[in-house]
There are 2 protein chains.
Amino acid sequence: MKNISKEDYLSVIFKNLNYDGEIKPNIIAAKLSISNAAVTDMLKKLAKDGFVVYKRYKGIQLTEEGESYARNMVRRHRIWEVFLNQVVGMPWDKVHDEANRLEHSSSDDLIDRLEVMLDYPEYDPHGDPIPSKEGKLPKIKKHRPLSELKENETSTVIRVNDFDESFLKYISKIGIKLKEKITVKERRTFDKSMEILINGKPWNISNKLAQNIFVEMK
Amino acid sequence: MKNISKEDYLSVIFKNLNYDGEIKPNIIAAKLSISNAAVTDMLKKLAKDGFVVYKRYKGIQLTEEGESYARNMVRRHRIWEVFLNQVVGMPWDKVHDEANRLEHSSSDDLIDRLEVMLDYPEYDPHGDPIPSKEGKLPKIKKHRPLSELKENETSTVIRVNDFDESFLKYISKIGIKLKEKITVKERRTFDKSMEILINGKPWNISNKLAQNIFVEMK
DNA sequence: TTAAATTATTAAGCATACTTAAATTAAAAT
DNA sequence: ATTTTAATTTAAGTATGCTTAATAATTTAA
Ligand SMILES: [Mn+2]
Ligand SMILES: [Mn+2]
Ligand SMILES: [Mn+2]
Ligand SMILES: [Mn+2]
């Protein structure tokens, strides 16, 4: 293939399939910030290429080929993120955007070399699992958004959403990182904001922030 | 800018300017393997963008902005090559193609980080000089193609053309690398092929091969 | 210095990946 | 069950970066 747009469509589809393995066009459009019409267009092409199953007005599915292509894109993305973070020393709030471009520009050979250098990492800097060359995903602990914790519950951060630089920058600043313990001290019904304890220090965070941080579900 | 095509045009123009700082469209077309018509088209766009000076039927020049953009592209390319070769362990015959894609997909910040990691390298794996962030090129020794050496002359390889994988693979195989000494034992007028000595071993090489290897001019 | 060859430009057309607007279908609300 | 809203598709159009064919200008050779 080798087509940045198509690769981005496949990644978005793969990462947003529902429990039936389907996705609706408007979700794709929203994630890619393009019109629904453009998505319809592209879905027809992807179907002709054999990457998706497309029937008008029905949920979109990935074919086996589409899924494996998409999974490989996710692999590329996350291996780049680990590499940029661990080897190049780029902060975790910068690696996602950089990887979003590099993922389309590297040979499988390069990705494999990076993986070896990194000694086969299983998770990216934000806690997302990295598919192996064979397409297998490592197990990831059950988790839920921090926003769902009850008052006085404590849990451990195991994943954060990685697509917004300023979000990551801010949570780093207040001491949130992977494996960090967080306690919810107070939940406010009015705006769902909460007071949390990190390293003994109290912070007020919005519901939207809490929705993008994921903690262990024991 | 951020446009792969335009970046490639600027690189090719920069690397192929004649001594008057000009280049003709057909050279660009040949280097990019596209039609002359496409080049005329794009030159108009690049002129409108302020990157080149374009007057119908005249030699093309880079503006100051165009030159600095192009120089930075060359910098990106060569830093990637060094990184891939030295850090990732990719052989020198593979790094050019990989860098040709990565050069368009990396932030200046990433390039600068790679440069620091590599401790400000001055030459790429093929002996080409790397422009500094400020656009300065390190001095490179005077050199000439191996094909111009006289019989029984010996000289040191300081640069090789990097755009053909099989060429690089072959010359590696027969022991040619940077800083290697080569002696010309015999030159044949018929096809300009020559017998050379590398590490005491004799090899027959074609004129075309010899034209792509550059040795010190003392 | 004229003719021939080469190079450059224009013109028309194509594929890709978008857009907005209008029409159609499906889903949700009453 | 009907209406309203939302999602999807179709249609028409745009910008980009190419193509080939025809034309024009320049360069080279005779
Ligand atoms: Mn990411
Ligand atoms: Mn990530
Ligand atoms: Mn190169
Ligand atoms: Mn090189």
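Every chain is numbered from 1, with letters handed out A, B, ... down the list of sequences.
For the atom pair CD of A:E7 and CG of A:N72, the computed distance is 9.0 Å after rounding to the nearest 0.5 Å.
C:dA15 atom C1' lies 11 Å from atom CG of A:N3, rounded to whole Å. Atom pair B:H104:NE2 and D:dG17:P shows a separation of 12 Å (rounding to whole Å applied). Rounded to an integer number of Å, the gap from CD1 of B:I60 to P of C:dT7 is 14 Å. One can place CD1 of B:I34 at 6 Å from P of D:dT19, the figure rounded to the nearest angstrom. Atom P of nucleotide D:dA24 and atom OH of B:Y57 are separated by 9 Å, given to the nearest angstrom. Between the NZ atom of B:K6 and the C1' atom of D:dT16 there is a distance of 9 Å, rounded to whole Å.
At a threshold of 4.0 Å, the pair B:D108-B:R76 counts as salt-bridged, since one of the basic side-chain nitrogens sits closer than that to a carboxylate oxygen. The existence of a salt bridge linking A:R188 and A:E186 is confirmed by a sub-4.0 Å separation between a basic side-chain nitrogen and an acidic carboxylate oxygen. Salt bridge absent: A:E115 and A:R113 never bring a charged side-chain N and a carboxylate O closer than 4.0 Å.
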Starting from the C-alpha separation in whole Å, work towards a yes-or-no answer on side chain to side chain donor-acceptor pair (under 3.5 Å) for B:S193 and B:D191. CA-CA 5 Å; B:S193 73; B:D191 62 353; 2.9 Å; yes
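Here the shortest heavy-atom pairing between B:S147 and B:Q211 reads OG-CG, 3.5 Å.
For B:K208, the side chain to side chain contact (heavy atoms under 4.5 Å, CB included) test picks out B:S206, B:N212, with sequence neighbours left out.
A heavy atom lying under 4.0 Å from DNA chain D marks the following residues of residues 36-46 of chain B, by number: B:A37, B:A38, B:D41, B:M42, B:K45. Against DNA chain D, the stretch residues 49-56 of chain A makes heavy-atom approaches under 4.0 Å through A:Y54, A:R56. Contacts of residues 17-26 of chain B with DNA chain C (heavy atom under 4.0 Å): B:K24, B:P25, B:N26.
Between the side chain of A:R75 and the backbone N or O of A:G135 there is no donor-acceptor pair closer than 3.5 Å. A donor-acceptor pair under 3.5 Å is formed between the side chain of B:E151 and the backbone N or O of B:R187. For the pair B:R101 (side chain) and A:S105 (backbone), a donor-acceptor distance under 3.5 Å is present. A side-chain donor-acceptor contact under 3.5 Å links B:E153 to the backbone of B:K150.
Checked by atom type, the side-chain pair A:D164/A:H96 shows no donor-acceptor distance below 3.5 Å.
Taking for each of A:I4 and A:K58 the nucleotide of DNA chain C with the nearest heavy atom, the 5'-most of the two is the partner of A:I4.
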Under 3.5 Å, which donor-acceptor pairs do the side chains of residues 33-56 of chain A form with other protein atoms, sequence neighbours left out?
| unit_1 | atom_1 | unit_2 | atom_2 | d |
| --- | --- | --- | --- | --- |
| A:S35 | OG | A:A38 | N | 3.1 |
| A:T40 | OG1 | A:N36 | O | 3.3 |
| A:D49 | OD2 | A:K6 | NZ | 2.7 |

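Between its two ends, the helix from C:dT1-D:dA30 to C:dT30-D:dA1 turns its axis by 10°, counting five pairs per end and rounding to 10 degrees.
In this pair, B:H126 and B:W92 present their aromatic rings parallel. The plane angle is below 30°, not in the 30 to 60° band.
Contact between the side-chain N/O atoms of A:S5 and the OP1/OP2 oxygens of C:dC18 is found at a separation under 4.0 Å. Between B:Y9 and D:dT16 there is no side-chain polar atom (N or O) within less than 4.0 angstrom of OP1 or OP2. At least one side-chain nitrogen or oxygen of A:S35 sits closer than 4.0 Å to the OP1 or OP2 atom of C:dT19.
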